[in-house]
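Reviewing the structure listed below.
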Amino acid sequence: MNQVNRAVHNTIDAQPSDWIVRLARLGYAAKGLVYVIVGFLSIKTGFTAGGRVEDPGGALETLVNEPFGKTLLFITGVGLLGYALWRFIQAAKDPEGEGSDAKGLTKRVGYGISGVLHTGLALQALALSRGRGNGSGDSEAKTQDWTARLMEQPFGRYLVITVGIIIVVWAVREFIAAYRAHFMRKIERPNVSRKTLDVIRTIGRVGYGARGIVMAIVGFFIIMAGVRYDASQAKGLRGALESLLGQPYGPYLLGLVGIGLLAYGVFQFVNARYRVIRPGV
């Protein structure tokens with residue numbers, strides 16, 4: 001009887017962790033879908049001069065009028081909430097052992113910020129699934145709005161510059177990830193062939209490299225907004241992609257970055273299937 005009771009208690013205790021793992025995997029898949037759409041739209045705009053680039057919020061809007069779009073938006077919203085929950089757990093519980101030194105705390109703060117951002121994206125997806133979405137609300141205007149609000153604070157322009165520098169530093173981290181492929185350490189490898197792992201590694205490198213490029217551009221514009229004391233200089237992800245079009249060979253640059261963002265989305269599907277997730281709760 002004691003063994004039966006112990007087994008029941010163990011099952012009950014394991015349920016929250018099991019649900020967190022399932023939600024986290026659904027979350028990686030939802031994030032993958034969003035970036036695949038962002039990448040596809042960038043490729044289309046760059047190589048065919050048709051359509052327009054979008055950020056993740058705008059990518060969600062494109063699903064509204066698609067067959068089963070609202071159902072897909074609901075599932076995506078739930079998945080993104082699961083991803084946000086996993087990010088908060090990473091920040092608070094540190095299940096992956098990032099540590100409490102400066103490097104570890106920086107990563108964990110980043111996880112927390114990611115959780116907040118993906119919570120907002122999840123709520124937008126759920127609102128759109130109920131027909132209550134008001135669009136992304138012009139994400140560029142939102143970026144400029146929070147930049148202006150931050151500038152109104154004491155030492156505001158320096159706070160804005162600091163935010164920009166943090167984003168650039170995070171972009172450098174993405175480049176390092178692309179070069180060293182440390183993300184492969186978190187991929188479960190049983191029954192995965194070496195050839196498949198090589199393909200996954202290449203996809204991850206391309207994806208992280210593209211994300212680094214976009215984040216570096218976003219950080220640069222936010223720094224410029226602080227330096228020039230002009231919130232209108234700030235740009236989000238969509239603005240960063242649009243800025244590529246104004247460069248020499250801009251459409252091709254946008255198309256190539258779009259391929260990278262699509263690859264980043266595909267790598268999130270890989271995470272959904274193979275990533276090691278140990279909630280520790």
Side-chain angles (χ1 to χ4, degrees), residues 18-45 48 50-90 111-143 145-146 203 207 210-211 214-215 218 235-242 257-275 277:
D18 290 343
W19 275 107
I20 290 169
V21 171
R22 293 188 185 114
L23 283 172
R25 294 198 185 283
L26 178 60
Y28 280 113
K31 183 180 178 182
L33 174 63
V34 170
Y35 271 93
V36 164
I37 295 173
V38 170
F40 173 77
L41 293 175
S42 298
I43 293 168
K44 181 180 178 182
T45 303
T48 69
R52 57 177 290 179
V53 296
E54 290 290 358
D55 58 9
L60 291 173
E61 288 183 14
T62 66
L63 297 175
V64 173
N65 296 318
E66 297 298 323
F68 307 104
K70 291 186 177 181
T71 300
L72 185 56
L73 278 166
F74 178 79
I75 295 171
T76 301
V78 173
L80 290 171
L81 282 177
Y83 183 81
L85 173 63
W86 170 234
R87 284 310 206 191
F88 289 135
I89 290 172
Q90 286 178 298
Y111 293 148
I113 293 173
S114 176
V116 172
L117 294 176
H118 283 90
T119 297
L121 197 61
L123 294 177
Q124 181 184 342
L126 293 174
L128 287 168
S129 73
R130 297 194 303 271
R132 298 180 181 178
N134 57 354
S136 62
D138 192 345
S139 60
E140 297 306 296
K142 287 183 178 180
T143 300
D145 181 62
W146 72 253
I203 291 172
R211 269 253 301 184
V214 174
M215 292 180 68
V218 170
K235 296 182 184 295
L237 187 147
R238 193 185 78 199
L241 292 172
E242 288 175 342
V257 170
I259 291 172
L261 293 176
L262 191 150
Y264 183 78
V266 171
F267 186 76
Q268 300 314 305
F269 291 130
V270 173
N271 275 328
R273 174 62 180 86
Y274 293 114
R275 196 184 196 281
I277 300 174

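This is a predicted model, so every value here is computed, not measured.
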Which atoms form the tightest heavy-atom contact between [X] and [Y], and what is the distance?
{"X": "T119", "Y": "G115", "answer": "OG1-O, 2.7 Å"}
{"X": "S114", "Y": "R87", "answer": "OG-NE, 3.4 Å"}
{"X": "L237", "Y": "Y35", "answer": "CD1-OH, 4.4 Å"}
{"X": "V266", "Y": "V36", "answer": "N-CG2, 4.0 Å"}
{"X": "A272", "Y": "A29", "answer": "CB-N, 3.8 Å"}
{"X": "Y28", "Y": "I277", "answer": "CE1-CD1, 4.1 Å"}

For S42, is there any backbone N or O sitting under 3.5 Å from a side-chain donor or acceptor partner on T45?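 Not a single qualifying donor-acceptor pair exists.
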Using only atom types and a distance under 3.5 Å, with no angle test, would you say the side chain of Q124 pairs donor to acceptor with the backbone of G57?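 Yes: the side chain of Q124 pairs with the backbone of G57.
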By side-chain hydrogen bond (donor to acceptor under 3.5 Å, both in side chains), which residues pair with [X], not counting sequence neighbours?
{"X": "R52", "answer": "E54"}
{"X": "Y274", "answer": "none"}
{"X": "K31", "answer": "Y83, Y264"}

If I take atom NE2 from residue H118 and atom CH2 from residue W86, how far apart are they, to the nearest 0.5 angstrom? 14.5 Å
Once side chain to side chain contact (heavy atoms under 4.5 Å, CB included) is applied, do any residues pair with L33, and if so which ones, sequence neighbours excluded?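 Checked L33 against side chain to side chain contact (heavy atoms under 4.5 Å, CB included); matches are I37, L63, L72, T76, F269.
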Under the side chain to side chain contact (heavy atoms under 4.5 Å, CB included) rule, collect the residues that match up with I259, sequence neighbours excluded. I43, F47, L256
Looking at F40, I'd like to know if its CZ atom is crowded, meaning that more than 12 non-hydrogen atoms belonging to other residues, nucleotides or ligands lie closer than 6.0 Å. no
Test L126 against L73 for side chain to side chain contact (heavy atoms under 4.5 Å, CB included), laying out the working first. CA-CA 6 Å; L126 293 174; L73 278 166; over 6 Å; no
Should L261 and R211 be marked as a side chain to side chain contact (heavy atoms under 4.5 Å, CB included) after you check the CA-CA gap, both sets of side-chain angles, and the distance that decides it? CA-CA 7 Å; L261 293 176; R211 269 253 301 184; 4.2 Å; yes
May I ask you to test the L23-L81 pair for a side-chain heavy-atom distance under 4.5 Å? no
Would you say the side chain of E61 lies within less than 4.5 Å of the side chain of L128, judging by non-hydrogen atoms? yes
Test side chain to side chain contact (heavy atoms under 4.5 Å, CB included) applied to I203 and V270, step by step: CA-CA 10 Å; I203 291 172; V270 173; 5.6 Å; no
Using the side chain to side chain contact (heavy atoms under 4.5 Å, CB included) rule, take T71 and I75 through it: C-alpha gap first, then chi angles, then the decisive distance, then the call. CA-CA 6 Å; T71 300; I75 295 171; 4.2 Å; yes
List for me each residue that meets salt bridge (charged side-chain N to carboxylate O under 4.0 Å, His left out) alongside R25, sequence neighbours excluded, and say none if there are none.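 Residues passing salt bridge (charged side-chain N to carboxylate O under 4.0 Å, His left out) with R25: none at all.
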